[in-house]
Amino acid sequence: MTFVLEIIRLGLVNLRLHLLRTILTSLGIILGVAAVIVMVAIGEGNKQAALREIQSLGATNIIIRSVKPPESEQLSAGSASFMARYGIVSVDLTRLRAGLPDLSFLVPLKQVGDEITFADHRLTSQAFGVYPALQDAANLRVRPGGRYITRTDLDTKAQVCVIGDQVAQKLFGREDPLDKLLRIKDIVFRVVGVLQPVGLAGGTGSPLVGRDLNFDVHIPYDTAVSQFSDIISKRVAGSFTMEEIQVSEIYATSSSTENVLRDASLIDRIMRVEHPDLKDIKIIVPYELLESARKTALVWSIVFTAIAAISLLVGGIGIMNIM
């Protein structure tokens, strides 16, 4: 024990005798270790943020979306007016319900209108007819004081709507949107709820969903069917186009994560009956994205750890040479 204490005392004496070398060596150790920790922390933070955004789509969800096929875009660009018919049709929904009876949710969305207005404020429409089950399927939360679409709204074809966080900010500013009246196309709707901000906006999850969910407006599905047609008209850069879409999206929710990939495979086969090449629909499986992101993150974690180990080894050799 005395020998160990003597070694420590001699070490401290030598450190005091070579104070500048001691300070420089300490700085090398401190800055080297801090740089490695910061690098690994940034990588881990970005990984966790990406995983959270993907997971917020719902690990058990499968999103089926109508998408405009490339040939329709080319025709539209070459003509002043054009009618494009594409996407999910009613028979697809019927087949999915018959072929996948064990799903927790199977919620269709129907896009309506072309513009949302309140007083002098206007927004390009992201209005959808929805069912109440979408709130649970898509993990949506409503601000206190408001509510989501209810079964009664469907049965009575009520002209009510629930708006996204950005819609509330753009159209109403500091005003309370609840019970205010806005127009979707020429039809008046009363605001009964405002969705809490969805973290996917502007992040890595936004391109996966295909749009910023904070700009959504939700109305009862039966109201959408009775008040709007399947044709959506758009004016873009001087051209006038019309798109006929029966069902814009479907949220399918598996009973557990173990069944997600199986259900996604069944959905793929069912959708190929009407859409052999899947050119006008897109199937998004957040669980697959999540697993892929986890594997990628694991690889980068190993790389960062290896870089950190090599950096510390080289730095340690350099510090020993100085000492």
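Every value quoted in this text rests on a predicted model; they were computed, and no experiment measured them.
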Could you check Phe189 against Arg183 for side-chain contact (heavy atoms from CB on, under 4.5 Å), going step by step and ending with a plain yes or no? CA-CA 6 Å; Phe189 289 84; Arg183 291 179 179 270; over 6 Å; no
Should Tyr221 and Val130 be marked as a side-chain contact (heavy atoms from CB on, under 4.5 Å) after you check the CA-CA gap, both sets of side-chain angles, and the distance that decides it? CA-CA 5 Å; Tyr221 195 93; Val130 303; 5.8 Å; no
For [X] versus [Y], what's the shortest heavy-atom pair and its separation?
{"X": "Thr223", "Y": "Ser226", "value": "O-OG, 3.1 Å"}
{"X": "Val194", "Y": "Gly164", "value": "CG1-O, 4.3 Å"}
{"X": "Val285", "Y": "Ala264", "value": "CG2-CB, 3.8 Å"}
{"X": "Pro132", "Y": "Ile149", "value": "CB-O, 3.3 Å"}
{"X": "Gly87", "Y": "Asp92", "value": "O-OD2, 4.4 Å"}
{"X": "Asn61", "Y": "Ala137", "value": "ND2-O, 2.5 Å"}

Assess whether atom CG of Asp155 is packed by more than 12 heavy atoms of other residues, nucleotides or ligands within 6.0 Å.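 Enclosed: over 12 neighbouring heavy atoms sit under 6.0 Å from CG of Asp155.
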Got more than 12 heavy atoms from elsewhere within 6.0 Å of NZ, Lys180?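 Yes - once you tally the heavy atoms of other residues, nucleotides and ligands closer than 6.0 Å, there are more than 12.
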Side chains of [X] and [Y] in contact at under 4.5 Å (non-hydrogen atoms):
{"X": "Gln196", "Y": "Val142", "result": "no"}
{"X": "Ile184", "Y": "Phe228", "result": "yes"}
{"X": "Ile88", "Y": "Met271", "result": "yes"}
{"X": "Leu93", "Y": "Leu106", "result": "yes"}
{"X": "Leu154", "Y": "Arg151", "result": "yes"}
{"X": "Val107", "Y": "Ile250", "result": "no"}
{"X": "Thr150", "Y": "Val192", "result": "no"}
{"X": "Pro220", "Y": "Val160", "result": "yes"}

Residues that Asn259 engages under side chain to side chain donor-acceptor pair (under 3.5 Å), provided they are two or more places apart: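 Counting only residues at least two positions away or on another chain, Asn259 forms a side chain to side chain donor-acceptor pair (under 3.5 Å) with Ser255, Ser256.
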According to side chain to side chain donor-acceptor pair (under 3.5 Å), who are the partners of Asp268, at least two apart in sequence or on a separate chain?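 So Asp268 forms a side chain to side chain donor-acceptor pair (under 3.5 Å) with Arg272.
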For a side-chain contact (heavy atoms from CB on, under 4.5 Å) check, start with the C-alpha distance between Leu171 and Gln166, then their side-chain angles and the critical distance, and finish with the verdict. CA-CA 8 Å; Leu171 292 186; Gln166 285 297 309; over 6 Å; no
Could you give me the CA-CA distance, side-chain angles and deciding distance for Cys161 and Leu182, then say whether side-chain contact (heavy atoms from CB on, under 4.5 Å) is met? CA-CA 9 Å; Cys161 66; Leu182 57 76; 4.1 Å; yes
Working to the nearest 0.5 Å, report the span between [atom1] of [X] and [atom2] of [Y].
{"X": "Glu274", "Y": "Ile281", "atom1": "CD", "atom2": "CD1", "value": "10.5 Å"}
{"X": "Gln159", "Y": "Arg190", "atom1": "CD", "atom2": "CZ", "value": "11.0 Å"}
{"X": "Lys110", "Y": "Ile219", "atom1": "NZ", "atom2": "CD1", "value": "10.0 Å"}
{"X": "Asp216", "Y": "Leu109", "atom1": "CG", "atom2": "CG", "value": "8.0 Å"}
{"X": "Ser66", "Y": "His275", "atom1": "OG", "atom2": "NE2", "value": "7.5 Å"}
{"X": "Leu134", "Y": "Thr253", "atom1": "CG", "atom2": "OG1", "value": "9.0 Å"}

Out of curiosity, does [Y] fall in the hydrophobic cluster containing [X] (side-chain heavy atoms, cut-off under 4.5 Å, transitive links)?
{"X": "Ile64", "Y": "Val91", "value": "no"}
{"X": "Leu278", "Y": "Ile63", "value": "yes"}
{"X": "Leu181", "Y": "Leu123", "value": "no"}
{"X": "Val89", "Y": "Val112", "value": "no"}

Without hydrogens or angle criteria, can the side chains of Gln111 and Glu249 be said to hold a donor-acceptor pair below 3.5 Å?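 No, no side-chain donor-acceptor contact under 3.5 Å.
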Qualifying salt bridge (charged side-chain N to carboxylate O under 4.0 Å, His left out) pairs with a residue from residues 251-265, counting only residues at least two apart or across chains: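 Every pair satisfying salt bridge (charged side-chain N to carboxylate O under 4.0 Å, His left out) with a residue in residues 251-265: there are none.
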Residue pairs, two or more places apart or on separate chains, that pass salt bridge (charged side-chain N to carboxylate O under 4.0 Å, His left out) and touch residues 121-146: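 Matches after skipping sequence neighbours: Glu115-Arg122, Arg143-Asp165.
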Verdict with supporting geometry, Phe105 and Tyr251, ring pair (Phe, Tyr, Trp, His ring centres under 6.0 Å): CA-CA 7 Å; Phe105 298 106; Tyr251 270 76; over 10 Å; no
Tell me who clusters with Val273, hydrophobic residues only, linked when side chains sit under 4.5 Å apart either directly or through other members.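 Listed partners: none, Val273 stands alone.
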Can you list the other members of the hydrophobic cluster that holds Val67, where links are side-chain heavy atoms under 4.5 angstrom apart?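 Val67 shares its hydrophobic cluster with no other residue.
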Exam field: side chain Asp176 to backbone Leu178, donor-acceptor pair closer than 3.5 Å: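 Yes: the side chain of Asp176 pairs with the backbone of Leu178.
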Assign the ring pair Phe128 / His218 to parallel, tilted or perpendicular, where the plane angle (0 to 90°) is split at 30° and 60°.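 The arrangement is perpendicular - the two ring planes meet at more than 60°.
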